[in-house]
Enquirer: 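Just dropping this structure here.
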Amino acid sequence: MGLFVRGLGKPGKGIDPDAPQKRGFFRFFDIFFRKFWHFVRLNLLYAVISIPAFLIIFFLAGYISNGFLGTENAQNLLHTLAEQSGGDPAEWVARMQFLFDVVVRFSVAYLFMNIWGLGPSTAGITYVLRNFAREEHAWIWIDFRDALKANFKQSILVFIIDLLAFVLFFFAIRFYILMGGVVGLLRYVVYVVAILYTFMHLYIYPLMVTFKLSLKNIYRNALLFAVGRLPGNLLITVLLFGINAGVIYGTMFLGGSVANGFLFIGLALIVFVMFSFSAFITNFYVYPQMKRYMLTEQNIETKPDTPEE
């Protein structure tokens, strides 16, 4: 635990009050590099606390890998490659199926963790990084723990809803693809709903840790932001997906050669920085939107800066 509470009573370097205020891109990286070791410690804490929820998504992601492997095209491709390999075809196919299954499960769970979130642990990291985004102090362990506890019930419900939504989206898309024809076109409606639902996750946890709102009103406001800030939401979501998918690709598909270093670099990024970096992108983008449209409203009650025990 010393890793997360080190320097508990020692203030940081601080910010010169007379220094000019950086904006946008420059301010983002100024905060990130100035607090880099806080991001590393927060990343490790979040990764450890999130293991149970991650394993649940890893298990559910089997629907996706099994759905793909069960197609005739995938089986034909595997058997064709097995024949070209020169080894035992049955053994080669079984090995490739297992490898594909693990890669898909991990990739889906990893992207789910960074874009949708994993319940209470995401509430904890969101509170700390929201404070970083508005350049306020936060203790890595204490504030993470207190935010997790204060928002535990709502965040657990959000996670359960996400699990149900994940399964429903998968089966709905698969059903309409198999139907084909005019009915099959309804899959595009499901795509749109899934994208909007993803945009909502940019706001769900920041709203949860900032305002005293019912779960219904959290989703309502998240939907309003998802629709009202559509271009920015699309840009941030594509950025998050691109960065994290790139890390996965570099780690799993370019990491076969030790000489190129992709395996080591990719694993190091995931273990030490990618979770906190991704969550900071979200909070850095979202907080100004909430400040502009909600924090100025007198009838919206905010939560205290330090969560209650």
Side-chain angles (χ1 to χ4, degrees), residues 1-15 31-32 34-54 56 113-114 116-162 201-219 221-222 272-288 290-291 294-295 300-309:
M1 194 61 68
L3 174 67
F4 305 116
V5 298
R6 185 184 304 160
L8 188 62
K10 182 179 179 181
K13 182 178 178 181
I15 304 172
I31 297 172
F32 177 73
R34 178 156 38 87
K35 296 180 177 289
F36 179 76
W37 294 112
H38 293 320
F39 278 86
V40 171
R41 290 157 58 202
L42 186 59
N43 198 86
L44 291 169
L45 176 62
Y46 182 59
V48 171
I49 299 295
S50 297
I51 288 174
F54 184 90
I56 293 173
M113 185 175 182
N114 279 309
W116 277 19
L118 294 179
S121 59
T122 301
I125 196 174
T126 297
Y127 180 84
V128 174
L129 292 176
R130 183 213 62 182
N131 280 16
F132 284 0
R134 61 187 191 184
E135 300 201 55
E136 294 179 0
H137 176 73
W139 301 116
I140 299 300
W141 166 244
I142 294 176
D143 285 336
F144 184 101
R145 178 202 65 190
D146 289 348
L148 184 153
K149 291 168 60 179
N151 300 282
F152 187 82
K153 291 181 180 179
Q154 285 189 330
S155 58
I156 278 288
L157 288 174
V158 168
F159 183 60
I160 292 172
I161 292 170
D162 285 346
H201 282 77
L202 297 173
Y203 300 92
I204 288 173
Y205 289 100
L207 287 167
M208 184 186 299
V209 303
T210 304
F211 301 101
K212 290 185 177 180
L213 296 172
S214 66
L215 193 60
K216 175 183 176 182
N217 284 328
I218 288 175
Y219 276 100
N221 283 283
F272 293 110
V273 77
M274 285 308 301
F275 302 130
S276 57
F277 182 72
S278 299
F280 185 55
I281 291 175
T282 299
N283 282 277
F284 189 84
Y285 165 73
V286 166
Y287 181 72
M290 296 195 310
K291 181 179 179 180
M294 294 186 70
L295 288 174
I300 298 178
E301 189 175 4
T302 60
K303 290 185 176 177
D305 290 335
T306 303
E308 298 176 0
E309 291 290 339

Enquirer: Which label fits Phe132 and Phe39: parallel for a plane angle under 30°, tilted from 30 to 60°, or perpendicular past 60°?
Expert: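 Plane angle between 30° and 60°, so tilted.
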Enquirer: As an exercise, state the distance from CG of Asn114 to CZ of Phe277, rounded to the nearest 0.5 Å.
Expert: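 Rounded to the nearest 0.5 Å, the CG-CZ separation comes to 11.0 Å.
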Enquirer: For the backbone of Phe152 and the side chain of Ser155, can you confirm whether one donor and one acceptor N or O come within less than 3.5 Å of each other?
Expert: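 Such a contact is found between Ser155 side chain and Phe152 backbone.
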Enquirer: Quick one, Ile218 and Phe211 - any side-chain contact, counting heavy atoms below 4.5 Å?
Expert: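 No, their side chains stay 4.5 Å or more apart.
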Enquirer: Could you check if a side-chain atom of Met294 sits within less than 4.5 angstrom of a side-chain atom of Thr210, using non-hydrogen atoms only?
Expert: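 No - every pair of side-chain heavy atoms lies 4.5 Å or more apart.
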Enquirer: Could you check whether any side-chain N or O of Asn43 sits under 3.5 Å from a backbone N or O of Phe275, counting only pairs where one atom can act as donor and the other as acceptor?
Expert: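 Here the side-chain-to-backbone pair exists.
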Enquirer: Could you tell me which non-hydrogen atom of Gln154 sits nearest to which non-hydrogen atom of Ser214, and how far apart they are?
Expert: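 Smallest heavy-atom distance, with atoms named: NE2-C, 3.8 Å.
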Enquirer: For residues Val209 and Ala123, report the shortest heavy-atom separation together with the two atoms involved.
Expert: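 Heavy atoms only, the tightest pair is CG1-O, 3.5 Å.
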Enquirer: Calculate, to the nearest 0.5 Å, the distance between atoms CG and CD1 belonging to Leu45 and Ile125 respectively.
Expert: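 Answer for the CG-CD1 pair, Leu45 versus Ile125, is 8.0 Å.
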Enquirer: If you round to the nearest 0.5 Å, how far is CZ of Phe32 from OG of Ser276?
Expert: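 One gets 6.5 Å once the value is rounded to the nearest 0.5 Å.
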Enquirer: What is the distance from atom CD1 of Ile204 to atom CG of Asp162, rounded to the nearest 0.5 Å?
Expert: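 Answer rounded to 0.5 Å: 6.5 Å.
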Enquirer: Contact between Leu42 and Phe144 at the side-chain level, heavy atoms closer than 4.5 Å - yes or no?
Expert: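 Side chain of Leu42 against side chain of Phe144, heavy atoms only: contact under 4.5 Å found.
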Enquirer: Let me see the working for Met208 and Thr126 under side-chain contact (heavy atoms from CB on, under 4.5 Å), right down to the final yes or no.
Expert: CA-CA 9 Å; Met208 184 186 299; Thr126 297; over 6 Å; no
Enquirer: Check whether any side-chain heavy atom of Val48 lies under 4.5 Å from a side-chain heavy atom of Leu44, and answer yes or no.
Expert: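 They are not in contact (no side-chain heavy atoms under 4.5 Å apart), so the answer is no.
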Enquirer: At what distance, to the nearest 0.5 angstrom, does CG of Leu148 lie from OG1 of Thr122?
Expert: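 Nearest 0.5 Å value for the CG-OG1 distance: 9.5 Å.
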Enquirer: Can you name the closest pair of heavy atoms from Ser50 and Met113 and give their distance?
Expert: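 Minimum heavy-atom separation between Ser50 and Met113: CB-CE, 3.5 Å.
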Enquirer: Mind checking the CG-CD1 spacing from Leu202 to Ile281? Nearest 0.5 Å is all I need.
Expert: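 Going from the CG atom of Leu202 to the CD1 atom of Ile281 covers 11.0 Å.
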Enquirer: Can you name the closest pair of heavy atoms from Phe54 and Leu118 and give their distance?
Expert: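 Nearest heavy atoms, Phe54 then Leu118: N-CD1, 4.1 Å.
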Enquirer: Spell out, as yes or no, whether a donor-acceptor pair under 3.5 Å connects the side chain of Glu135 to the backbone of Ile31.
Expert: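 Not at all, since once roles are kept as given, no pair shorter than 3.5 Å links the two residues.
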Enquirer: Does Tyr205 reach the main-chain N or O of Gly119 with its side chain, forming a donor-acceptor pair under 3.5 Å?
Expert: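 Pair found, side chain donor or acceptor close to backbone of Gly119.
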Enquirer: So which atom in Ser121 and which in Ile49 form the shortest heavy-atom distance, rounded to 0.1 Å?
Expert: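 That closest heavy-atom pairing would be CB-CG2, 3.8 Å.
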Enquirer: Taking all heavy atoms of Leu207 and all of Ala222, pick out the closest pair and write down the distance.
Expert: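 Looks like CD1-N, 3.7 Å.
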